[in-house]
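Just below is one structure, and these are the notes that go with it.
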Amino acid sequence: MSLLNILVTRPAKKKQCIVAWINHQKLEVLHMELTGKRFCMVSDKEQMLQILKFNNVPSIELVEPKNCLYPIIGRKFGHHNGKDLVIINTKEEALNEGFDYFTKLYAIETEYCLEINGLTVKNVQSAVGTQVVFNEAPIRTEAFGWNWQDEDIDSLAPEWVDIAIRALYVTGLTSGFVKMGLLSNETIMVIDINLATTPYKEQVQQATIPFTMGADIEFMLNCDNELIPASTFFSTEGEVGCDERQIEQDSGVYALAEIRPEKAETTVELVEHIKALITKASDLVPYGNVEFRSGSMPFSGYQCGGHIHFGIPQSVSLLRALDHYLAVPMAMVEEPRTAKLRRKTKHGGLGRYRVKPYGFEYLSLSSWIIDPQMATAILSLARLIATHHHELFSEFLFHPIVQRAYYQGNQVILKQFWGDIKSRLIKTTSFPKYEKELLFFFKAIETDYPYSESSDIRLNWGIQPPEQIYDRGRVILLPKKTRLKYDLKEGMLTNIRAGNRITSAKILPYPFSFRNSNIVQLSRELREELALPASWNPRLTSANGVLTLGPIIGILALRPFDRQTTYFNHLGRIALEKQMLIYVFEPKDIDWNRQMIKG
């Protein structure tokens, strides 16, 4: 199917869908060529802000006038040099004055305009007020009494430059002006993007053959469906180590493992290096019940990346080709539920890269070491794209339909573009060299490849872990605020009580406190020692050097419970809200010898 055929579905009555095939002649609005006359993303300011939001670029927020806080900014479609910007104070005014869309009103401390060519900032200016009408953004335009003065490019922090370059990139422009503002709380945001006043054409350079490729790939450790910090087994440095992300700031406890294979000039050699490091990592974790998991997000809140290192210079042409012909096809096989979460992070999403002394590092991909065939296919495709990026065009990469589907994990829409992507890859002169590896990837896209993030990648790579069992021991994991409240130190032993049982346990930081800072997690060994269910999140109190979990309430009753069932269910809901444990039992449920009750 041609790239110019897009499947559009709209909900209809009786849960049916109206399916329409839009042909080439009707795609003038959708067709977004990157050269010549084309639809320009930044000419539609509302759409531009939506695209920036998709790509996790900090920018002015669109608002709905029926349910927002006032005052807001009223805008009209098109670009009117700021003359269409009006402060709206009431809902009635917003709905009756004929505005097309609305944005939040911000007070900008400082505003800059960065002129960008390709992936480089050419010039920087700051806004200077002369006869200012309003001091709020986005009304800091010449129409409202503001002029621009030149600034030293080096005076801007690298974060500003990175945000501006990516903001321009994700709108599909090769050159243009990016306006950015600094709020009073030190937040940076993109205010506007406009076309360049002078034409710019990137000098596309073909890759010098051969070139080296390397990688750093992250994975996580799982034991009994609980996260084991990578720093439990690995040091931070070396070819097998830990990613820099810590469970808590300055805790020294690192969540993710990372392998750093030696660079190579061939895919086969690089894959051999990767397998050797997975084997080495397995030797350092000699336990059958500790699994190695990769993918986008093996544990919620911790994204895993598969960064590819290229020994050639970065360029807009190469970055677009990698996004269009590698990141988008990979999105067709990934687990969409976790992949779309990773794409919202600072390393996920389109156009993510870092300049390095050897060339650059492409960051957009998730951890692709699910199995050796997938890893080989991804690296082979990356090498082919880097070799032929000047031949591989990306007309639809920046269209709202494609970007929305990519960030929402909508594989149904993305696969409508696969036929065209595939045919262009096959036409390259290097395809026969990588045909075997790429046909596996093509088949994975076309046959719903089981991209399982819950499998142990060691087994997929033919590495058999030892049968030895890892025992975490009696461990209680507590968020930092809980440890501070009760003056508990990480690593210390303390006494834990639940009901009439008491034992000692080691205190460790809870790895998901950024998500919920009120969780108390017990290791399997500690739960079994205290005879507690795995699903209970206990309330914690401390007295006389003992941490007490509870309260725990047992209700003695005789089956059948009949009308009491409703009452017991009500108590259960209250107990869940209050972090209590309530259970119902009969006399026969008491084990007097073991001093336990089955409830």
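Checking side-chain atoms of Gln468 against main-chain N and O of Gly288 turns up no donor-acceptor pair under 3.5 Å. Between the Asp323 side chain and the Gly351 main chain, a donor and an acceptor come within less than 3.5 Å of each other. Proximity of a side-chain donor or acceptor of Lys53 to a complementary backbone N or O of Ser59 within less than 3.5 Å is not detected. Checked by atom type and distance alone, the side chain of Arg293 never pairs as donor or acceptor with a backbone atom of Ile370 at under 3.5 Å. In this structure, the side chain of Asn55 does not engage the main chain of Val170 through any donor-acceptor pair within 3.5 Å. Between the side chain of Asn56 and the backbone N or O of Lys344, at least one donor-acceptor pair lies under 3.5 Å. In this structure, Asp589 contributes its side chain and Gly599 its backbone to no donor-acceptor pair below 3.5 Å. Proximity of a side-chain donor or acceptor of Glu335 to a complementary backbone N or O of Arg337 within less than 3.5 Å is detected. Remark: side-chain polar atoms of Trp368 are not paired, donor with acceptor, to backbone N or O of Ala375 under 3.5 angstrom. A donor-acceptor distance shorter than 3.5 angstrom exists from the side chain of Gln411 to the backbone of Glu334, with no hydrogens or angles considered.
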Practice prompt. Using the side chain to side chain contact (heavy atoms under 4.5 Å, CB included) rule, take Met330 and Leu365 through it: C-alpha gap first, then chi angles, then the decisive distance, then the call.
Written response: CA-CA 8 Å; Met330 188 173 178; Leu365 302 184; 3.7 Å; yes
Worksheet entry | Evaluation steps, side-chain hydrogen bond (donor to acceptor under 3.5 Å, both in side chains), between Asn495 and Thr503 | CA-CA 6 Å; Asn495 292 320; Thr503 188; over 6 Å; no
Discussion item. For Glu446 and Met332: C-alpha separation, side-chain torsions, deciding distance, then whether side chain to side chain contact (heavy atoms under 4.5 Å, CB included) applies.
Written reply: CA-CA 9 Å; Glu446 294 162 3; Met332 300 177 193; over 6 Å; no
Worksheet entry | Worked check of side chain to side chain contact (heavy atoms under 4.5 Å, CB included) between Leu540 and Tyr486 | CA-CA 10 Å; Leu540 193 69; Tyr486 297 114; 4.0 Å; yes
Discussion item. As a quick check of understanding, evaluate side-chain hydrogen bond (donor to acceptor under 3.5 Å, both in side chains) for Arg539 and Gln579, giving each step before the final call.
Written reply: CA-CA 5 Å; Arg539 174 178 291 186; Gln579 295 179 271; 4.7 Å; no
Practice prompt. Show your reasoning for whether salt bridge (Lys or Arg N to Asp or Glu O under 4.0 Å) applies to Arg260 and Glu258.
Written response: CA-CA 7 Å; Arg260 301 146 184 156; Glu258 184 176 77; 2.7 Å; yes
Worksheet entry | Steps toward side-chain hydrogen bond (donor to acceptor under 3.5 Å, both in side chains) verdict (Thr338, Glu453) | CA-CA 9 Å; Thr338 54; Glu453 296 187 357; 2.9 Å; yes
Worksheet item: Do Asp448 and Lys415 pass the salt bridge (Lys or Arg N to Asp or Glu O under 4.0 Å) test, and can you show the C-alpha distance, the side-chain angles, and the key distance before you say yes or no?
Response: CA-CA 11 Å; Asp448 295 326; Lys415 286 184 179 181; 3.2 Å; yes
Discussion item. Using side-chain hydrogen bond (donor to acceptor under 3.5 Å, both in side chains), reason through Lys340 and Asn410 one step at a time and then give a plain yes or no.
Written reply: CA-CA 9 Å; Lys340 65 183 179 182; Asn410 190 336; over 6 Å; no
Discussion item. Does Ile73 form a side chain to side chain contact (heavy atoms under 4.5 Å, CB included) with Ile88? I'd like the steps, not just the answer.
Written reply: CA-CA 6 Å; Ile73 296 291; Ile88 307 298; over 6 Å; no
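Contact detail for Ser517 and Pro479: the closest heavy-atom pair is O-CG, 3.5 Å. Between Ala331 and Leu414, the closest heavy-atom pair is CB-CD1, 3.9 Å. Of all non-hydrogen atoms in His347 and Arg342, the two that sit nearest each other are O-NH2, 3.6 Å.
Rounded to the nearest 0.5 angstrom, Phe561 CZ and Asn569 CG are separated by 10.5 Å. The CD atom of Glu239 lies 5.0 Å from the CG atom of Leu277; values are rounded to the nearest 0.5 Å. Taking CH2 from Trp160 and CD1 from Ile188, the interatomic distance works out to 5.0 Å, rounded to the nearest 0.5 Å. With rounding to the nearest 0.5 angstrom, the CG atom of Leu488 is 12.0 Å from the CG atom of Leu493. In this structure, Ser294 OG and Ile278 CD1 are separated by 8.0 Å, a value rounded to the nearest 0.5 Å. One distance of note links CZ of Arg75 with CD of Glu46; it measures 10.0 Å at 0.5 Å rounding.
In this structure, the side chains of Pro538 and Leu581 stay at 4.5 Å or more apart for every pair of heavy atoms. At least one side-chain heavy atom of Arg352 sits under 4.5 Å from a side-chain heavy atom of Arg166. By the 4.5 Å heavy-atom criterion applied to side chains, Ile597 and Asp591 are not counted as neighbours. You'll find the side chain of Ile476 reaches within 4.5 Å of the side chain of Val520, heavy atoms only.
Residues Phe585 and Tyr583 place their aromatic rings such that the two centres sit under 6.0 Å apart.
Asn185 meets the side-chain contact (heavy atoms from CB on, under 4.5 Å) test with Leu183, Thr187; sequence neighbours excluded.
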Donor-acceptor contacts under 3.5 Å from residues 218-238 side chains, at least two apart:
unit_1: Glu218; atom_1: OE1; unit_2: Arg245; atom_2: NH2; d: 2.9
unit_1: Glu218; atom_1: OE1; unit_2: Gly305; atom_2: N; d: 2.7
unit_1: Glu218; atom_1: OE2; unit_2: Arg245; atom_2: NH2; d: 3.3
unit_1: Asn222; atom_1: OD1; unit_2: Asn225; atom_2: N; d: 3.2
unit_1: Asn222; atom_1: OD1; unit_2: Glu226; atom_2: N; d: 3.3
unit_1: Asn222; atom_1: ND2; unit_2: Glu291; atom_2: OE1; d: 3.1
unit_1: Asp224; atom_1: OD2; unit_2: Arg524; atom_2: NE; d: 3.0
unit_1: Glu226; atom_1: OE1; unit_2: Arg472; atom_2: NH1; d: 3.0
unit_1: Glu226; atom_1: OE1; unit_2: Gln521; atom_2: NE2; d: 3.4
unit_1: Glu226; atom_1: OE2; unit_2: Arg527; atom_2: NH1; d: 3.3
unit_1: Ser231; atom_1: OG; unit_2: Tyr254; atom_2: N; d: 2.9
unit_1: Thr232; atom_1: OG1; unit_2: Pro229; atom_2: O; d: 2.8
unit_1: Ser235; atom_1: OG; unit_2: Glu237; atom_2: O; d: 3.1

Check: residues 504-514 side-chain donor-acceptor pairs under 3.5 Å, at least two apart:
unit_1: Ser504; atom_1: OG; unit_2: Arg474; atom_2: NH2; d: 3.4

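Between Lys489 and Asp487 there is a salt bridge, with a side-chain nitrogen of the basic residue lying less than 4.0 Å from a carboxylate oxygen of the acidic one.
Because its NZ or CZ atom is not both nearer than 6.0 Å to the ring centre of Tyr407 and within 45° of the ring axis, Arg343 does not count as a cation-pi partner of that residue.
Within 6.0 Å of the CG atom in Leu69, the count of heavy atoms belonging to other residues, nucleotides or ligands does not exceed 12. Within 6.0 Å of CD in Glu467 there are 12 or fewer heavy atoms belonging to other residues, nucleotides or ligands.
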